[in-house]
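Written out below as structure tokens is the structure these notes cover.
Everything numeric in this text was worked out from a predicted model, so none of it was measured. Below, read A as the first sequence line, B as the second, and so on, with proteins coming before strands; counting in each chain starts at 1.
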Amino acid sequence: MAEQNKGLRLFNTLTGRLESFTPLDANGERVNMYVCGPTVYDDAHLGHARCYITWDVLFRFLQFSGYKVRYVRNVTDVDDKILNRAKERGELPAELAERNYQSFTEDMAALNVLPPTEEPRATRYIRHMLSGIEVLIAKGAAYITPDGSAYFRVAAKADYGKLKYATQNVEVLKRHLDDLKAGARVEVDEGKESPLDFALWKAVPLSDLNGWESPWPAKGDSKGWGRPGWHMECSAMNHALFGEQIDIHAGGADLIFPHHENEIAQSEAWTGKQPFSKFWLHNGFVNVSGEKMSKSLGNFSTIKKLLTRYDANTIRYFLLTNHYRMPVDFNEEALQAAENWTKRIYRLVKGVLGALKIRQADLIASVAPNARQLEGQEDPAGVFGLFQEAMLDDLNTPRALGVLNAALGNLQLSFNECPDAVETRAHFKAVATIMTQLGFDLAVLFDSSASSVPAEDVRAMYRQITEKNPEQEPGVLLEELVALRKQAKASKDWPQADAIRKHFTDIGLQILDNKDGTTTVEKDGLEIVRV
RNA sequence: GGCGGCAUGGCCAAGUGGUAAGGCAGGAGUCUGCAAAACUCUCACCCCCAGUUCGAAUCUGGGUGCCGCCUCCA
């Protein structure tokens, strides 16, 4: 039998404590994990990046730890925000949702976020939602109002509120309910038995094109018509795909209440089984210069926009330097620090890749896919052990990055001393494995081509320096220019050599003279040409 | 108003009882035609007060400040 507890500890919002993670699976092998996915009404922003990168890291680490993970991340493609946005744009809601979903998929891929095992869409589970609501009605946990809407009867769930307050103390819960009732911001809908009750199904007029048939017609109508309440889809998709219980349910901290609390109430009332999810995990928010990032403040950055300025590894490093449950502050200085780090390690890793003649395929092969493979293997400076230790401790990525930096330091030293030593390879494997497990994308280091520099810029520079009209491809021209500078250097014509350097820097290219006599042309830390 | 969280050097951030990891930035030096890289050295008594303890950034109590949730939000 497989080891039940692999030493992972996670902070469970359900209990408010750090707990040892063990899956429900009797063999302790399979893990079912559900993450609340995006509502596809707009481009994804940095907040989404933080959320999905966090759970991407968990997904990777669970697999690294030897679990077989089924990771479901839903797509909310029915929602008032989608309808409103579609209306504004004069577009069909389904088209808008599809377009944004594609955009989201691109963003996730660009951020090197692994695709989940499945990505169910809410609109494909309407029927399942309706049948779930019928079960709730039959059990007395839900009721229909005269207009044909369905509400969850919170009074029917004695332990409602357990997620947020993480306590079994009934009195505290009661007080919590009183507080909620007294709260100024609980609106009282027509027909609701209690202000705490929430919609499972919202009736809409038959004339509304964006509706589905329900079994509950409003007074005078021939058939029922409406849309799902906003918590129901997650309960339904979990029920349809996983059954009654799952191991991990995760999402942004803002979802704790009411979304997740209501999901728990629905799902547990539906199946009679609890806990609906053994672990509830929540990531912290992204602030912008100390303020909450929000549309109303206009201070949010879309992933697409961010990626024009910073590469994916920089964004990931920036996010992972903060523990996932803490708020992270987005500001230029922090991003700049992350970018400097990224550039530094690019230089090192590129140098190693070149010296050891490691190709992309070799790189993948040199990354250990799971911790088990590392057992009994050489662990240079104990970094694998330290890395795992950090990650097992509630995904302590800041600490894990500290370990990575130590591994990078070891690699640098070994590389300086003897690039081709066995030791260097071992250190490199440690670095490559840790980086890959944290979701850094090393493939970008192989993506060197002159095409990333506008051909016109290169031709213009060539014209300035040689006063000749160029015809060749940028790559060839760059090589010629490097050769020209090399000649100038050889004849100690320093002004000319420096002038050429300046021309390169003017169009955003860096010239680096290497120890071995070669010269590298880089753009943003990435090699373009090496002569 | 209710509840939760956080407070460590210029910036970010580990560290939960024994005298402060790491990254970025900065300073000094080595190397170098220039530039870059690399290497060496250097840079904090942990918001305040009181308490527990031989000993606290780390535990307890009080205070101050900041943030979040309670409303769509990742």
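Taking 4.5 Å as the limit, every side-chain heavy atom of A/Phe198 sits out of range of all side-chain heavy atoms of A/Lys192.
Base pairing annotation: B/rG68 forms a Watson-Crick or G-U wobble pair with B/rC3, both donor-acceptor distances under 3.5 Å. Nucleotide B/rC47: paired with B/rG63 (Watson-Crick or G-U wobble, both distances less than 3.5 Å). Of all nucleotides present, none satisfies the Watson-Crick or G-U wobble test against B/rA74 with each distance under 3.5 Å. The partner of B/rA28 is B/rU40, by the rule that a Watson-Crick or G-U pair needs both atom distances under 3.5 Å. Pair check for B/rU58 finds none; no Watson-Crick or G-U wobble contact set falls under 3.5 Å.
In this structure, A/Arg73 reaches neither bases nor backbone, as no heavy-atom distance under 4.0 Å exists between it and the strands shown.
Closest to the side chain of A/Phe257, out of B/rG33, B/rC70, B/rC72, is B/rC70. The A/Asn396 side chain lies nearest to B/rA14 when the options are B/rA14, B/rC72, B/rC67.
Stacking between A/Phe285 and the base of B/rA74 is present: ring centres sit under 5.5 Å apart and the planes differ by under 30 degrees.
A salt bridge links A/Arg85 to A/Asp42: at least one charged side-chain nitrogen sits closer than 4.0 Å to a carboxylate oxygen. Look at A/Arg485 and A/Asp513 and you find a salt bridge, because one of the NZ, NE, NH1 or NH2 atoms lies within 4.0 Å of a carboxylate O, short of that distance.
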What does the B/S/- profile of nucleotides 18-24 of chain B look like, 5' to 3', with a 4.0 Å heavy-atom cutoff to protein? ---BSSS
With side-chain contact (heavy atoms from CB on, under 4.5 Å) as the test, would you mind laying out the steps for A/Val113 and A/Trp55 before giving the verdict? CA-CA 9 Å; A/Val113 169; A/Trp55 309 125; over 6 Å; no
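If you look at A/Phe440 and A/Trp341, their ring centroids are closer than 6.0 Å.
Relative to the six-membered ring of A/Phe285, A/Arg50 misses at least one condition, a distance below 6.0 Å or an angle of at most 45° to the axis.
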